[in-house]
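First the structure, in the form of structure tokens, and then the observations on it.
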Number of protein chains: 2
Amino acid sequence: MPTLDDVGLAAGVSRGTVSNVFNRPELVRPELRERVEAAARALGYGGPDPKGRLLKEGRFNAIGFMPPGAYAIAEMVRSPYGRELLMGAASACDAAGATLSLVNGTDETRMASIREALVDGFILGNVVDIDVVASVKRRRLPFAILESDAGADVNSIRIDARSGAIAAVRHLARLGHKRFAILSIRRTVGPAIVHRPGHTDRALMAGFALDHQRLQGFEAALAEASLSIADVPVIETTPGDPHAGSAVFDHCPQATAIMTMSDWQAITVLDEARRRGIDVPGQVSVVGFDGTAEAARTMPSLTTVAHDIVGKARLAAEMVLENGSPRQVVMPVELVVRGSTGKPPSAFPARK
Amino acid sequence: MPTLDDVGLAAGVSRGTVSNVFNRPELVRPELRERVEAAARALGYGGPDPKGRLLKEGRFNAIGFMPPGAYAIAEMVRSPYGRELLMGAASACDAAGATLSLVNGTDETRMASIREALVDGFILGNVVDIDVVASVKRRRLPFAILESDAGADVNSIRIDARSGAIAAVRHLARLGHKRFAILSIRRTVGPAIVHRPGHTDRALMAGFALDHQRLQGFEAALAEASLSIADVPVIETTPGDPHAGSAVFDHCPQATAIMTMSDWQAITVLDEARRRGIDVPGQVSVVGFDGTAEAARTMPSLTTVAHDIVGKARLAAEMVLENGSPRQVVMPVELVVRGSTGKPPSAFPARK
DNA sequence: GCGAAATTTTGGAGCGCTCCAAGATTTTTA
DNA sequence: TAAAAATCTTGGAGCGCTCCAAAATTTCGC
């Protein structure tokens, strides 16, 4: 690959002049400029290599996006939620003329990826592994975390998940539901985990802040209806597990109201209900969580605890790009009532 | 920001030793290593800056993805098709341990983005503007183009769109349809363009290779049924235009079979049909194009000309990452018959 | 036609790092 | 204990570029 010097040599001018031809052509006499351009063409020189500029300028003009949890990028894009995150981050980058780098990383390579990513800052999806935060801090780049509060010196944006969970339960309770089931998120790999009625808080509450808040919200609102969360079956499935829906119906046959922790899960529940001939909302009500675009398109359309996912990620990207003093933002949620929730069946006919 | 030299100075060792501490710690005596690490901690040095390494190593270990057409990244992620492209490219990058950079670019900034993107290669979505190809060539980096054939010296992957279009028409003709409408893609910004029956080929065939091939396929298969494409109304809408569906029903009220050029468009047609109380496939049959995951989830599910979008993008990424000799690949398509196509209504009741 | 002013061109410094041959130190061997 | 071997540390070169002060050249005014 020829360099500025090679072109200069060929054209009989100095490196500086060649650089000017490409970056500030108005500074170079037209005649000379043409000579240089001809030499560049002859050598197959396609303009200054960004690598050199980079070192001088010191910034990549890019921010890195680490997908939530242990997702691979491709899985994130598949997920309704992750996809909207990406849209938000991308639109902020677009607006700022920055590049969005999708930083992948298995559990083994994540740290190295963070150390070596060619970016000026990071957006971290829901962070499961706290080492990730330490690793990013070490690079002394601006960053923002989604759905985890990492202290006053770190940008973070989370939703008011507790209120959302409360709203979901109240809505269902007001409709008359008494038999609930919770479809929660398993943050490790593996098949569904089933917590049968009688489980203890400790088994449930371990883990991730967002999930914790939602469970607390469920618990508090169930208490308002004189119900204990300990009597509600809780199933944990990994995001994207296509069997989430069948796990619920298999393990919670008497539930009339299923509360989930993501629209994606709720959608698998609707799919499975259709497959089994279970009427939603006639026999079972289903509530999603997230408020993705997909939730509005299901049959029946999905009642869900919605928030502005795109806006959340956009804000995160803006925080990183602006690199101001750290902020912790809590975003509101809103229960969007659609077609997947209704009164419980008045007589409780046995379901198969 | 402290540098290797600063740390070396503070620890009383040379730059080289500090570099070794971070990159090949086994080469440094434990005692010294600790002294260096302590100095680094004290200075807040978080490890070697990737910028320096980069210049030395010469590669970014990243490939750039330019969205199809004039999409912004966010729009691409929103689109069912673009999203699957992204999944494919991301999974290949994941597998290779490379980063995927989403290179944005408005019409004005695209060239500059290409010139300066910090990547080792490019995937170009459907290229509308031929200058983009020239611009990428100038950087002398490996690249692959989707849905455009740019000659034997350029990697390209396209689908056998003509066959797909033919299969769609034959399927509908075999069901008995005689009155078709085509929902085509407008590759410039603006509202729907309506070509009423009697239009000329020239008005239609201008533009983008992929669309051209599909129209030719439609034309050929219509001819088999003794129909001329000139008598078939053609509507062009931009990708993602939510009014695509209503444009079709407004302008083609007698059509019993609507052939589209993307699942996204077809989905808006289904939505609009539901809104207007038009039964699909009872009154109108609809065929999509692409075979996205969304097409399987609509109500009714969408008959569509499918191909392996994820695989296409994955292959493109692999071509770029491998940097072998250029190949031109044509991928097969397959008509997937689902619920959105059926016999035309036997009596032709007027629709409102 | 000459000096001053304006315009063009030059090449060194430096961005932060890795590599590597050479030098310094420690350990082993006879 | 001295020489040989093994181990550890050093600092220069170089990656390709941009910036900038200074030098070279051209243009201008009278």
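Lettering of chains follows the sequences in order, A, B, ..., and the numbering in each one begins at 1.
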Report yes if some heavy atom in the side chain of A:R187 is under 4.5 Å from a heavy atom in the side chain of A:I185; otherwise report no. yes

Does D:dG16 have OP1 or OP2 sitting under 4.0 Å from an N or O in the side chain of A:Y45? no

Treating B:R83 as the side-chain partner and A:R83 as the backbone partner, does any N or O pair qualify as donor plus acceptor under 3.5 Å? no

Could you tell me how far apart B:L118 (CG) and D:dC17 (P) are, to the nearest whole angstrom? 14 Å

Could A:E57 and A:R59 be called an ion pair, given the rule that one side-chain N must be under 4.0 Å from one carboxylate O? no

Is a side-chain donor-acceptor pair under 3.5 Å present for B:T238 with B:R186? no

Is there a side-chain contact between B:M66 and B:I114 in this structure, where contact means two heavy atoms from C-beta onward sitting under 4.5 Å apart? yes

Taking 4.0 Å as the cut-off, does a side-chain nitrogen or oxygen of B:S14 come that near to OP1 or OP2 on D:dT9? no

When the distance from NZ of A:K56 to P of C:dG16 is rounded to whole Å, what number comes out? 10 Å

Looking across every strand, which nucleic acid part, if any, lies under 4.0 Å from A:N23 by heavy atom: base, sugar-phosphate, or nothing? sugar-phosphate

Sidechain-backbone polar pair: A:S148 side chain, A:A150 backbone, donor-acceptor under 3.5 Å: no

Table of protein N/O atoms under 3.5 Å from nucleotides 21-27 of chain C N/O atoms:
none

Regarding the side chain of B:P48, the nearest nucleotide among C:dT18, D:dT18, D:dG16 is C:dT18

Taking DNA chain D as the partner, which of residues 136-143 of chain B come within under 4.0 angstrom of it by heavy atom? none

Please state how far atom CD in A:E57 lies from atom P in D:dG16, giving the value in whole angstrom units. 17 Å

Taken to the nearest whole Å, CZ/A:R59 to P/C:dG16 is 15 Å

Once you measure the plane-to-plane angle for B:Y45 and B:F22, does it fall in the parallel (<30°), tilted (30-60°) or perpendicular (>60°) bin? perpendicular

Within residues 31-42 of chain B, find the residues that approach DNA chain D with a heavy atom at under 4.0 Å, and present them sorted by residue number. B:L32

Distance test, side-chain N/O of A:N20 to OP1/OP2 of C:dT8, below 4.0 Å: no

If you check the B:T3 side chain, which of D:dG11, D:dT18, C:dG16 turns out closest? C:dG16

Note: for B:T17 and B:G52 on DNA chain D, the residue whose nearest nucleotide lies more 5' is B:T17

Just checking, is any N or O donor in the side chain of B:S101 or A:T99 under 3.5 Å from an acceptor N or O on the other one? no

If you pin A:P2 and B:P30 to their nearest nucleotides in DNA chain D, which one's is more 5'? B:P30

Of D:dC15, D:dT18, C:dC17, the nucleotide closest to the side chain of A:R53 is D:dT18

Exam field: side chain A:Q328 to backbone A:D149, donor-acceptor pair closer than 3.5 Å: no

d(CG, A:L9; C1', D:dG16) in whole Å: 15 Å

Inter-residue atom distance A:L141.CG - A:N323.CG, 0.5 Å rounding: 9.0 Å

Rounded distance in Å - CZ (A:R15) to P (D:dG16): 12 Å

What is the distance, to the nearest angstrom, from the CG atom on A:D5 to the C1' atom on C:dA13? 14 Å

Do B:D5 side-chain atoms and B:R15 backbone N/O form a donor-acceptor pair below 3.5 Å? no

Going by an N to O cut-off under 4.0 Å, is there a salt bridge joining A:E84 and B:R78? no

Protein-nucleotide distance (A:D49, atom CG; D:dG14, atom C1'), rounded to Å: 15 Å

Measure from the side chain of A:S19, starting at C-beta and using heavy atoms only, and say which of D:dC19, D:dT18, C:dC17 lies closest. D:dT18

Kindly say whether B:R327 contributes a backbone atom to a donor-acceptor pair with the side chain of B:N155 at under 3.5 angstrom? yes

